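Heads up, the thing below is written out as structure tokens.
Bear in mind that the values here come from a model prediction, so they are computed numbers and not experimental data. Heavy-atom basis, side chains included; hydrogens, waters and symmetry copies ignored. Every number for a ligand or one of its atoms is a count from 1 in the order of the listing.
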Amino acid sequence: MPAPADATVVHVATAERRYEILIGAGLLGAPAAWQGLPKAAQAVIVTNVTVDPLHGAALRRALAGRYPRVTTLALPDGEAHKDWPTLNLIFDHLLREGCDRKTVLFALGGGVVGDMTGFAAATYMRGVPFVQVPTTLLAQVDSSVGGKTAINHPLGKNMIGAFYQPQRVVCDLDTLATLPARELSAGLAEVIKYGPVADAAFLDWVEAHLDALLARDPAALAQAIRRSCEIKAEVVGADEREAGLRAILNFGHTFGHAIEAGLGYGAWLHGEAVGCGMVMAAELSAQLGLVPADFATRLRRIVERAGLPVRGPELGAARYLELMRVDKKAEGGEIRFVVIDGVGHAALRPAPDALVERVLRMHSGAA
Ligand code: NAD
Ligand code: GLY
């Protein structure tokens, strides 16, 4: 595929599909970013009511001429809408517009739009091609890559979904200019995640460049997105369906998903819950004797500097444990946590309830 001259290309190689992640400024308007995608009579842009007025027209311009017909569906915005009724709006649109098996879906937005469009693509007529066009930092560094698609269930986060890889991921750095500061911080949580689980030097880099990232320095953002995507591509290439290794990408997510489900989806942003969850998971790792206590302190400082909450809500330890038992990594009702057992290396293991409760007492509720 001919990539735009100044785009960075990260390759993803899974059993299901090989594809490229393009990272660069101005990609929405770069013809080369869209060349070589599957041909079809129709393309459908799935986005939301916030992103469509900001970036929908640029994508429509990019796809006009390439596809004889381009329609747009703008979903309601927010994690609370990552559910069956909203997913059905996508199927309603596809059927109403006469979309066939070749129709290409374009997910323009953050992780919520990406996860739902991917799930719709995986299941509409048993599978149609889709392209990820992520517009949040979180989606550019994580959710658009690797083929996890899902909706939430009131009892558990991302509980209904499919593995289904996109044809391509197009990360236009310019779209981040319109992102609210709170969402930028949420995205930084997933950037921070990659260092502890896979690359100690990247954690050092993130720590040193956090102010530049918060100031949206283009070079710092490009480097953070490139390295995050490289790590994610490597992990997903080795373990597409999370038989083992891929679980490390869920560092902080067991605690984080409990916060999201416990408070009601959308009360805390996903990245905020993950940031706080990483503080808890680092503490658990230290309490298990896997890393020195100063690693947990260091990670808490980085998460806090990124503008993320470091104390969990007061759900009560019993409620946290109940919610965490619904986690996809749990086996036979036993919760398994991603722990750090050396900076740059993670493992999946159970922990005694009493120890988890101690961590929750230390890091949730009023200080
Ligand atoms: P999101 O999709 O809700 O987007 C955050 C907010 O930013 C929304 O209000 C959105 O409308 C707005 N927005 C998006 N792009 C914008 C832009 N350029 N300018 C202004 N506003 C913009 O949230 P998110 O943080 O992108 O994604 C979180 C979701 O991703 C969660 O549902 C999480 O479970 C999922 N996720 C999935 C994976 C995966 O591997 N599939 C990985 C991580 C997270
Ligand atoms: N965000 C976790 C994963 O993709 O596996």
Side-chain angles (χ1 to χ4, degrees), residues 12 14 28 46-56 58-59 74-83 86 107-119 122 132-152 156-159 161-166 169 171-191 193-194 197-198 216 228-229 231-233 235-236 238-254 256-257 260-261 265-266 268-275 328-329 338:
V12 186
T14 68
L28 282 181
V46 182
T47 182
N48 72 23
V49 293
T50 305
V51 177
D52 189 26
L54 297 169
H55 304 292
L59 184 56
L75 300 172
D77 187 4
E79 186 75 37
H81 296 286
K82 192 177 166 183
D83 58 7
T86 311
L108 176 72
V112 169
V113 163
D115 280 13
M116 281 200 297
T117 307
F119 189 29
Q132 289 273 16
V133 190
T135 61
T136 63
L137 179 61
L138 188 141
Q140 295 191 354
V141 300
D142 193 350
S143 63
S144 64
V145 176
K148 276 189 180 176
T149 75
I151 56 169
N152 299 326
K157 172 95 178 142
N158 292 334
M159 278 293 152
F163 287 98
Y164 193 64
Q165 302 293 340
V169 180
C171 299
D172 185 339
L173 301 172
D174 289 346
T175 61
L176 300 180
T178 57
L179 197 63
R182 186 179 170 199
E183 299 292 349
L184 186 80
S185 289
L188 286 174
E190 302 280 19
V191 174
K193 166 188 84 177
Y194 288 109
V197 304
R216 302 180 201 224
S228 298
C229 287
I231 294 171
K232 181 142 190 189
V235 171
V236 168
D239 179 20
E240 182 178 2
R241 292 190 166 236
E242 202 165 311
L245 176 72
R246 185 168 178 168
I248 66 170
L249 300 177
N250 267 307
F251 175 51
H253 286 57
T254 306
H257 286 171
E260 289 188 83
Y265 299 114
W268 278 33
L269 302 181
H270 174 70
E272 292 172 338
V274 167
K328 287 188 288 308
K329 294 179 294 304
V338 179

Would you tell me which option among [options] has the nearest heavy-atom contact to [atom]?
| atom | options | value |
| --- | --- | --- |
| atom 6 (C) of ligand 1 | His257, Glu183, Glu272 | Glu183 |
| atom 2 (C) of ligand 2 | Leu249, Val236, Val274, Leu138 | Leu249 |
| atom 34 (O) of ligand 1 | Lys157, Gln140, Met116 | Lys157 |

Could an N or O of ligand 1 be found under 3.5 Å from any N or O of [X], whether backbone or side chain?
| X | result |
| --- | --- |
| Val112 | yes |
| Glu79 | yes |
| Thr149 | no |
| Asp115 | yes |
| Gly111 | yes |

Can a donor-acceptor pair be found, under 3.5 Å and without considering hydrogens, that links the side chain of Asp239 to the backbone of Arg246?
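Yes; judged by distance alone, with no hydrogens or angles, the pair exists.
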Counting only N and O atoms by type, is there a donor-acceptor contact under 3.5 Å from the side chain of Gln165 to the main-chain atoms of Gly146?
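Between the backbone of Gly146 and the side chain of Gln165 there is a qualifying donor-acceptor contact (under 3.5 Å).
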Using a 4.0 Å heavy-atom cut-off, which part of [X] comes near ligand 1: side chain, backbone, both, or neither?
| X | answer |
| --- | --- |
| Thr50 | side chain |
| Leu54 | side chain |
| His270 | side chain |

Using a strict 4.0 Å cut-off to heavy atoms of Lys148, name the atoms of ligand 2 that fall inside it.
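Near Lys148, the atoms of ligand 2 are 2 (C), 3 (C), 4 (O), 5 (O).
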Please write down residue, atom name and distance for the protein heavy atom closest to atom 36 (N) of ligand 1.
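Looking at atom 36 (N) of ligand 1, the protein heavy atom closest to it is Ser143 CB, 3.6 Å.
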Atoms in ligand 1 with a heavy atom of Asn48 nearer than 4.0 Å
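Answer, ordered by atom number: 10 (C), 11 (O).
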Proximal atoms of ligand 1 relative to Lys82 (non-hydrogen, under 4.0 Å):
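Near Lys82, the atoms of ligand 1 are 31 (C), 32 (O), 33 (C), 34 (O), 35 (C).
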Checking heavy atoms under 4.0 Å, the part of His253 that sits near ligand 2 is neither
Asp142-ligand 2 polar pair, N/O distance under 3.5 Å
yes
Would you call Pro134 a ligand 1 contact, heavy-atom distance under 4.0 Å?
no
Contact between Lys232 and ligand 1, counting heavy atoms under 4.0 Å?
yes
Identify whether the distance between the nearest side-chain nitrogen and carboxylate oxygen of Arg182 and Glu272 falls below 4.0 Å.
yes
Considering only NZ, NE, NH1 and NH2 on the basic side and carboxylate oxygens on the acidic side, decide whether Glu242 and Lys148 come within less than 4.0 Å.
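Counted as a salt bridge, because a side-chain N and a carboxylate O are separated by less than 4.0 Å.
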